[in-house]
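Notes follow once the structure below has been shown.
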Amino acid sequence: MINSIILVAATRLLTALLLLFSIFMLLRGHNLPGGGFIGGLIGATGYVLYAIAQGAEATRRALRYEPQNIAMVGLGIALAAGVFAAFFGDAFFTGQWWFAGADPSDPDDKGLPISSVLVFDIGVYLVVFGSILTLVLALEEEV
Amino acid sequence: MELLIAIMVGVLVAASVYLMLARNVLRFLFGLILISNAANLIIFASGRLTPESPPLIPAGADAPVELVANALPQALVLTAIVIGFGLFAFALTLVYRTYQNLGTLNSDEMRLAEPEETGK
Amino acid sequence: MSWVLASPIIIPFATAVLAFLFRAGPEGRWISVLGSAALLAASAILMVEVLDQGVIAAQMGEWAAPFGITLVADLLSAVMVVITGITGLAVSVYALADIEDRKEKLGYHALFQVLLAGVCGAFLTGDIFNLYVWFEVMLIASFGLLILGGQKIQLDGGIKYVTLNLVSTILFLSGVGLLYGMTGTLNMADLHGAVREVENQGLLTVIAVMFMIAFGVKAAVFPLFFWLPASYHTPAISVSAIFAGLLTKVGVYALIRTFTLIFTTDVPYTHTILLWVAGFTMVTGVLGAAAMNDMRRILSFHIVSQIGYMILGLALYTPLAIVGAVFYLVHHIIVKANLFLVAGVAQRIAGSTDLDRIGGLYRYAPFLGLLFLIPAFSLAGFPPLSGFWAKYVLVKASLDAESYIIAAAALVVGLLTIYSMTKIWGYAFWKPHPAGVEPRLSRLSPRDRAALLTPIASLAVLTCIIGFFPEPFVQFAERSAAQLLDPTDYIVAVLGEAAVPAAPTGLAQLEATE
Amino acid sequence: MAKTGAEVPRVYGGPAGWISVAIPAAIFAFMLQFVAPVAAGQPVLLGLDWVPSMDIRLSVLIDGLSLTFALLISGIGMLVTLYSTKYLGTHPEYPRFVLFLMLFMVGMLGLVLADNLIALFVFWEITTISSYLLIGFSSDEAKSRRSALQALLVTGTGGLALLAGMILLGNVAGSFELSVILQQGDAIRAHPLYVPIVILFLAGAFTKSAQFPFHFWLPNAMAAPTPVSAYLHSATMVKGGVYLMARMNPALGETDLWFWALVIAGGFTTVFASILAVRQTDIKQVLAYTTLMALGALTLFIGAGTADAIKGMMTFLVVHSLYKAALFLMIGIVDHETGTRDVDTLRGLGRKMPLTFLGGAIAALSMAGIPPLVGFIGKEFLYKAGLGLDTASLWVTGCIFAASALMFVAAGISVLRPFTGKLAPTPQAPHEGPWAMWIGPLLLGAFSLGFGLFPDTIEAWLVAPGTWAVYGDYGYSVDLYLFREVNAAFLLSLATFATGAVLYAVHRPMRDRLGRLFEANPIKFDPGWDRVLDGLKALAAWQTNILQSGVLQRYIFTIFLTLAVGIGATLWARDVLNFSVDWTGDLDGLLFKHWAVLIFITSGAILTALTSSRMTAIAALGVVGIGVALIFIMFSAPDVAITQLLVETLVVVLVAVAMLKLPHLGLAKDRGRRPVHAALAGTVGVLVTLVMVAVLQGDIDRRITDYFEVASWPEAYGRNIVNVILVDFRAIDTFGEIAVVVIAALAAYALLRGTRYGAPADKEEDRT
């Protein structure tokens, strides 16, 4: 769209930064403001900027997967995170947790928590990310 | 503050109803944005307002130390905002497409599904 | 227990994801059919459990009620889920021959399955905000299905459908917010007790009226039904059929659920309003049908009219009347979806659904004629088909309650329904085709014929079974009505023994006021 | 119909034909076994549960009345189906015809045998549906379709009234079983619901049996093939109403209401119909109207209600079924073999069609009431009963006299004229029909003659048990005879013959004069029917144009109006607003930033509503959105605030992008309606505020949030309670929410990709 090498390079960088920031927001969400939805929105913003700078076609190439597939896979991941509890005899959407490297004697040391809840939030992230891009790219190709 | 919010919600609702009653469907969409905000504020205010204490649990504590804001309505509002966004995005696309295909935004002129002469 | 309750929601979502990812090839549509079959199986298991154990409930995420979200199934929920499974499977099979590749690639099957998921979720949830969420899931999926294909008429119908439903959605959401603001809870079983402790009972009635209007739009009652006749005739037949069968019934279900479980604190006021609404809905809907001249539009208006009967059952609020409402709900979903499916076949072989432009179906497609007559006469309430029993119970309930005017209205509307059905029969079937076309079923390829007629025939057989052997269904409806009128079982299943309200239940209260 | 039959069928309708004959024959044979016990005064009661939880059973009551009907239905049914194998056997839709006819027969048998009112109604409606399908058999012809619909709607209306009446009666009697109800006549007659019950029952019976003023559908129903007319419209279906009245007589009869309603309607119908009969030129129509006459007479005598009257009614019932079915079949043969039924065309067929003539002649003599045929007996006993009445004797006797004299004429018109005299040319060369067709009239004629000569048989088997059942008294002695003495009734018979003979002699000028008379009559029922139907359609179109106007603006207006009225009325009716608001407490601690945000949002909302500039509107919307986000921040909802800001930005961007292609707002068209809109909008706004203020008066029960606060970290391992609610406590909400987002994206994508500018796309770009 805009034939400026500097701008192209700048948007690439900006997109990468926004993606990183979005993942940061996603991961911290359980304890501080943030989470899958906010993260997904920020991540999508990165690609929206990319699309404005480089066009929809290039963005689709950069994404590699169709955004609506990403969204649907996200939905599937979120669902799987809920169904996962079945293996442990729990109800739908019961959180399953592992605390990697946690000190069992200290209740406040949770080590590195890995949980189905996080997987669920990743699903949310992908859904939001994919859906926004589906919409924006389709609109951009329209105009 | 709750009562003032109630009055403000009333103004938002009145403005959006007024917009929704217009024949131009784009104005309906504007009304939709406003009324979604109003509904979110209704839920938010229904949980009662607490200034300056977000529902976070400080590190080292098992529960909030002092009174924090009602978290449940916040979660509901979040859900409602996102759902509202999804619905709005679709509605906007629909209005956009309809304009291109039917050539009008005036709902009076949208008479394809229900033609003038009904009945035999 | 948890998974029995959750699987009618999980299965269609999983199906939707898979069918979407495989949308490019023929796998997608078979995944959809298989998924629908699995949903039917899951719903059957659910039904067996509920019949066996009474009301069952489970806490999602293992968070105790009323804190987490409850899924709960009583007989009404269970039967609605089963009917969803049945119509879902029937329409999935029908769609094999009805939905073009183009629409499949745009995600028809995903939209359809998510619609089913939303419907099942709405039937199963025990949480009022969660009900809102499922309503939205259902709504957005229905938006997508409605405009899929993108003809101008669809866009026009879509605008009306979308705008009016969005208004109702916002109203519902605000109502939930206000109800939470008064009671501090969202769990519906918990709300049953909580609303009785509210000081300002009049305000509660106001909230009840808000819910009545919000659900009233969804259920398409007078004077809120406009979106339905404006849009239901525009999308693909499969979509019309599933809409006609299920969507408005979710609104009716929500009305029945909330106005038997929660808003029973001011029955003389709220249910009297419902009675008037029921009467006007029946009459205006059937007159609308009489004014139409297109099969699908006639059928659409009849949905409105029939909704009136179901509301009538709720409004009278006697055991027999609720039996009638439940019976009517079940019967009507099967019959109405089937009539749309028949209309689709008629359109395929005779070229239109406009009654002036088709004909000759009786002569050249007698089998289709039979398949039309069964649901049509059932809808019109002719014995011994399912619709007769539904109507009979409601008329008897009205007469028993000495509501003679509403009984007369129900009967006259029945007569006008006969008129509409015979209008379709006279024009589309008996009258010779105006263009001399010979609308034979053999115009369809054998594969299409099988895909289109199997679901129709199966649903027709079901209609006949309910009609000829109504006793088990009546008994079922009686048990279901008993559960609805005395929600003790429901509350115990959700909240445990301790939560049983000391206050009189809805029915006892009604008897006390008399 | 004649055309298809003229192809000289060799096949008797294939298997469908034989099945159609075998079934009624078997039923007839089966029913015969009950003759002996019923004649001995012992009704048979059999039972089968159907819907026991609603007291609906498939129970069977076989007494004199139902047995008589059952034998007529199956016996005549057998002859008619045999006849149809020839008449319609080669018709391509013959198997359907047989199906409908069998359905009808089942319905009719069920109707007369059912002991349960609701079961009776079920069968009643089956006869209605099947007759609809049979009358419309020649579906190509608009006239057939119209007649079928007319018959359906008229009898259907009555049917629905009947259903209401049955439910009420069941409630009054405490049971739906006829055998129970019939025992409770006195209690029923004393009940306050007696009058509505009678009216509803009679509505059902009168429409079914085509009593004036519901008579008009029956002659039109002659659009059906002749076997259908012979069966449905002479011997069976139309007598369903008569059956119902007779059946209910012990429970509902013996009151002034019952007496006068039946006597007046029956008497009027019988005279009116017989006058109409002699003015017809189509012999089938002549017979149709004489059927009406008979139905009127039967109603008249049920109403009269004395034992003699019931006896006369039962006798005439059998008599009429025998001769009328024979005559219909006869005219069917004539039509089939000559191609016409016109009374002025047909002459001298007797020599060409001797057997048909013989069958027809016996039937006609019976109809004319000439001894020694059973018709004479029927007429005699009607006269006797009429003369013996205490009240309305003159009216009843007079009606019967007039009708009988005209029957005499009708008999002459329908048999004497076409079969005697010189052979006249007809569309097809006349010859005798096949045996399957003439056997019916001959057999029926034989019965007419046999019963006339040996009245004891019919008395013992049918009339006496039937009279007992209808009169409700098993002790009454029924005595039938051909001739015993010269009495008033006999003299009346002679006078009838004389009058009939005179009228027959002048019937053609009489017909013309009657024709002119009826032309001049302003009240016409058949066109009136059209007007009722047109009126209904006009009403429907009118209301639908108002309600479902197709104008979205009105729809939305109505919904908000309903909301305003609903909330406003309830606030008022339930006196919700009597509390005092603590404004000072609310205003305490308000800072400048709070006021600023409130004013910000309020003015933004008002600006959006009033501006006619799109860009101003978008900017104002943005202001509102940011203002709301600020509220979330000020009141401790950071997650919500961030989301709100992001979403709001996205919304504004999307609107702005879409706006590039959308036209300006164009407010001018709404100008005239704006005050009304503003008033409604203001009302809704005020109501929402009031409700909200009322809700916020009380304190909130925070126990659920309290639980979340305590459980969030120890059990769900999260410090951000809102997020924990979203992904754990209420994860399923969030799951639904993201499903909405995905589907919204898919749906919007489908809209953008599935439709192309200006026209729907034919092919989707394949991106997969």
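Note on naming: letters A, B, ... go to the chains in the order of the sequence lines (proteins, then strands), and numbering restarts at 1 for each one. Quick note: numbers below take in every heavy atom, side chains included, and nothing from hydrogens, waters or symmetry partners.
- In this structure, the portions of Thr185(C) lying under 4.5 Å from any heavy atom of chain D include both its backbone and its side chain.
- Your options are Leu696(D), Thr157(D), Ile556(D), and the one with the most heavy-atom pairs under 4.5 Å with chain C is Thr157(D).
- Within the 4.5 Å cutoff, the side chain of Leu152(D) has no heavy atoms near those of the Trp425(C) side chain.
- Residues Ile732(D) and Trp134(C) have side chains in contact (heavy-atom distance under 4.5 Å, counting atoms from C-beta outward).
- In terms of heavy-atom proximity, Phe708(D) sits nearest to Phe67(C) at CZ-O, 3.3 Å.
- Heavy-atom pairs under 4.5 Å with chain D were tallied for Phe143(C), Tyr132(C), Tyr419(C), Trp227(C); the largest tally goes to Tyr419(C).
- Top candidate by heavy-atom pairs under 4.5 Å with chain D, chosen from Lys391(C), Glu199(C), Arg363(C), is Arg363(C).
- Neither the backbone nor the side chain of Phe473(C) has a heavy atom closer than 4.5 Å to any heavy atom of chain D.
- Scanning all heavy atoms of the two residues, the minimum distance from Ala290(C) to Ala540(D) falls at CB-CB, 3.8 Å.
- There is no contact between Ser168(C) and chain D, counting heavy-atom distances below 4.5 Å.
- Both the backbone and the side chain of Ala141(C) come within contact range of chain D, judged by heavy atoms closer than 4.5 Å.
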Verify side-chain contact (heavy atoms from CB on, under 4.5 Å) between Asn171(D) and Lys396(C), making sure each step is shown before the conclusion.
-> CA-CA 9 Å; Asn171(D) 286 353; Lys396(C) 183 163 194 317; 3.3 Å; yes
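- For the set Ala110(C), Gly288(C), Ala410(C), Pro383(C), the count of heavy-atom pairs under 4.5 angstrom toward chain D peaks at Pro383(C).
- Rounding to the nearest 0.5 Å places OG1 of Thr205(C) at 5.5 Å from CZ of Arg574(D).
- In this structure, the portions of Tyr180(C) lying under 4.5 Å from any heavy atom of chain D include both its backbone and its side chain.
- Taking the charged nitrogens against the carboxylate oxygens, Asp190(C) and Arg703(D) do have a contact shorter than 4.0 Å, which makes a salt bridge.
- Side-chain contact between Ile10(C) and Phe735(D) is absent, with no heavy atoms from C-beta onward closer than 4.5 Å.
- You'll find the side chain of Pro470(C) reaches within 4.5 Å of the side chain of Trp50(D), heavy atoms only.
- Residue contact with chain D, scored on non-hydrogen atoms closer than 4.5 Å, involves the side chain of Glu478(C) exclusively.
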Start with the C-alpha gap between Trp389(C) and Met54(D), add the side-chain angles, then the distance that decides, and say whether side-chain contact (heavy atoms from CB on, under 4.5 Å) holds.
-> CA-CA 10 Å; Trp389(C) 302 110; Met54(D) 295 194 298; 4.2 Å; yes
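- Note: Leu203(C) leads Leu203(C), Leu71(C), Leu370(C) in heavy-atom pairs under 4.5 Å with chain D.
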Chi angles and distances behind the side-chain contact (heavy atoms from CB on, under 4.5 Å) call for Thr570(D), Met210(C) = CA-CA 10 Å; Thr570(D) 313; Met210(C) 277 182 78; over 6 Å; no
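- The shortest heavy-atom contact between Phe13(C) and Ala739(D) is CE2-CB, 3.6 Å.
- Both the backbone and the side chain of Val206(C) have a heavy atom closer than 4.5 Å to some heavy atom of chain D.
- Annotation for Ser139(D) and Tyr362(C): closest pair OG-CD2, 3.8 Å, computed over non-hydrogen atoms.
- Put simply, the side chain of Tyr404(C) reaches to within 4.5 Å of the side chain of Leu168(D), judged on heavy atoms.
- You'll find the side chain of Leu133(D) reaches within 4.5 Å of the side chain of Leu373(C), heavy atoms only.
- Proximity of Ile140(C) to Val741(D): side-chain heavy atoms (C-beta onward) are nowhere separated by under 4.5 Å.
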Worked verdict on Asp49(D) versus Glu471(C) for side-chain contact (heavy atoms from CB on, under 4.5 Å) | CA-CA 9 Å; Asp49(D) 274 347; Glu471(C) 176 64 14; over 6 Å; no
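- Here Leu751(D) contributes atom CG and Gln154(C) contributes atom CD; the two are 9.5 Å apart, rounded to the nearest 0.5 Å.
- At a 4.5 Å heavy-atom cutoff, the contact between Asn200(C) and chain D is made by side-chain atoms alone.
- For chain D, no part of Leu145(C) is nearby; none of its heavy atoms comes within less than 4.5 Å.
- Between Phe377(C) and Tyr132(D), the ring planes are perpendicular. Angles over 60° get that label, and only those under 30° would be called parallel.
- The choice from Phe469(C), Phe429(C), Phe301(C), Phe225(C) that makes the most heavy-atom pairs within less than 4.5 Å of chain D is Phe301(C).
- Chosen from Val133(C), Leu411(C), Ile69(C), the residue pairing most often with chain D at heavy-atom distances under 4.5 Å is Ile69(C).
- Only the side chain of Val114(C) has a heavy atom closer than 4.5 Å to any heavy atom of chain D.
- Interface remark: Asp101(C) contributes no atoms to any contact with chain D (heavy atom separation under 4.5 Å).
- Of all non-hydrogen atoms in Ile559(D) and Val167(C), the two that sit nearest each other are CG2-CG1, 4.1 Å.
- Note: Leu287(C) CG to Leu536(D) CG = 6.5 Å, rounded to the nearest 0.5 Å.
- Here the side chains of Phe226(C) and Gln548(D) are in contact, with some heavy-atom distance below 4.5 Å.
- In this structure, the portions of Leu178(C) lying under 4.5 Å from any heavy atom of chain D include both its backbone and its side chain.
- A pairwise comparison of heavy atoms in Leu186(C) and Ile704(D) identifies N-CD1, 4.4 Å as the closest pair.
- Looking at Leu148(C), only its side chain comes within 4.5 Å of chain D, counting heavy atoms on both sides.
- Remark: side-chain polar atoms of Gln475(C) are not paired, donor with acceptor, to backbone N or O of Ser53(D) under 3.5 angstrom.
- To the nearest 0.5 Å, the span separating CG on Leu139(C) from CD1 on Ile743(D) amounts to 12.5 Å.
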